[in-house]
Amino acid sequence: QVQLVESGGGLVQAGGSLRLSCAASGRTVSSYAMAWFRQAPGNERDFVAAIARGGGITHYADSVKGRFTISRDNTKNTVYLQMSSLKPEDTAVYYCAASPGTWDLRNSNRYNYWGQGTQVTVSS
């Protein structure tokens, strides 16, 4: 079992930055691929970014490529999402997720564990 707790969300103006953190407990996060997904009101949960177990491979949604960076610190059992040049359309609840798999990491069905989410609101 893995418990995931997100933090770092908040209200920011367009063009600003935020860093989200996902702290894991229960099992070492190094055993899992990790990802961030987001869900805006009325929308489905969408893939944002993923990072392989070792951290050497990352994947990004086209909408955030070049603006967001996913990283992990396995010594701290924590995954981060650095978000820059934020846009109002980035407003959503952001969820951290863990997968024991190594492929198809953009697919939410590959993830066994989810956090409760943290709200990010970007004002125009």
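Counting begins at 1 with the first residue of the sequence. Keep in mind it's a predicted model, so treat the numbers as computed, not measured.
- Here Leu11 sits alone; no ILVMFWY side chain lies under 4.5 Å from its own, so it joins no hydrophobic cluster.
- When the ring pair (Phe, Tyr, Trp, His ring centres under 6.0 Å) test is applied to Tyr80, no partner is found at least two apart in sequence or on another chain.
- To the nearest 0.5 Å, atoms CD (Gln13) and OG1 (Thr121) are separated by 13.0 Å.
- Counting only residues at least two apart or in different chains, disulfide bond (SG atoms under 2.5 Å apart) contacts with residues 39-74 are absent.
- Residues satisfying the salt bridge (Lys or Arg N to Asp or Glu O under 4.0 Å) test with Arg72, not counting sequence neighbours, are none.
- Applying the under-4.5 Å side-chain rule to Ile, Leu, Val, Met, Phe, Trp and Tyr, the cluster around Trp103 consists of that residue alone.
- Heavy atoms of other residues, nucleotides or ligands lying less than 6.0 angstrom from CD of Gln116 number 12 at most.
- Here the two rings, on Tyr95 and Phe37, have centers that are 6.0 Å apart or farther.
- Residue pairs meeting the disulfide bond (SG atoms under 2.5 Å apart) criterion with at least one member in residues 35-71, sequence neighbours excluded, do not occur.
- Residue pairs meeting the disulfide bond (SG atoms under 2.5 Å apart) criterion with at least one member in residues 25-95: none, sequence neighbours excluded.
- With hydrogens and angles ignored, the 3.5 Å screen pairs a side-chain donor or acceptor of Thr118 with a backbone N or O of Gly9.
- Considering every non-hydrogen atom in both Ser99 and Leu105, the closest pair reads OG-CD2, 4.4 Å.
- Residue pairs meeting the disulfide bond (SG atoms under 2.5 Å apart) criterion with at least one partner in residues 90-124, sequence neighbours excluded, are Cys22-Cys96.
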Q: Kindly indicate, with the supporting measurements, whether the criterion side chain to side chain contact (heavy atoms under 4.5 Å, CB included) is fulfilled by Gln82 and Ser17.
A: CA-CA 8 Å; Gln82 178 67 48; Ser17 299; 4.0 Å; yes
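- Remark: the backbone N or O of Asp73 is not paired with any side-chain donor or acceptor of Thr75 at under 3.5 angstrom.
- Counting only residues at least two apart or on different chains, the salt bridge (charged side-chain N to carboxylate O under 4.0 Å, His left out) pairs with a member in residues 79-95 are Arg38-Asp90, Arg67-Asp90.
- The shortest heavy-atom contact between Tyr111 and Ala33 is CE2-O, 4.1 Å.
- Arg19 is linked by a salt bridge (Lys or Arg N to Asp or Glu O under 4.0 Å) to nothing, counting only residues two or more places apart in sequence or in another chain.
- The closest donor-acceptor contact from the side chain of Gln39 to the backbone of Asp46 lies at 3.5 Å or more, if one exists at all.
- Of all the heavy atoms in Ser124 and Ala14, the pair that sits closest is CA-CB, 4.4 Å.
- Note on residues 103-115: no pairs pass salt bridge (charged side-chain N to carboxylate O under 4.0 Å, His left out), not counting sequence neighbours.
- Its side chain within the 4.5 Å cluster rule, Leu81 clusters with Val2, Leu4, Val12, Leu18, Leu20, Val29, Tyr32, Met34, Trp36, Val48, Ile51, Tyr60, Val64, Phe68, Ile70, Val79, Met83, Leu86, Tyr94, Tyr113, Val120, Val122 among the Ile, Leu, Val, Met, Phe, Trp and Tyr residues.
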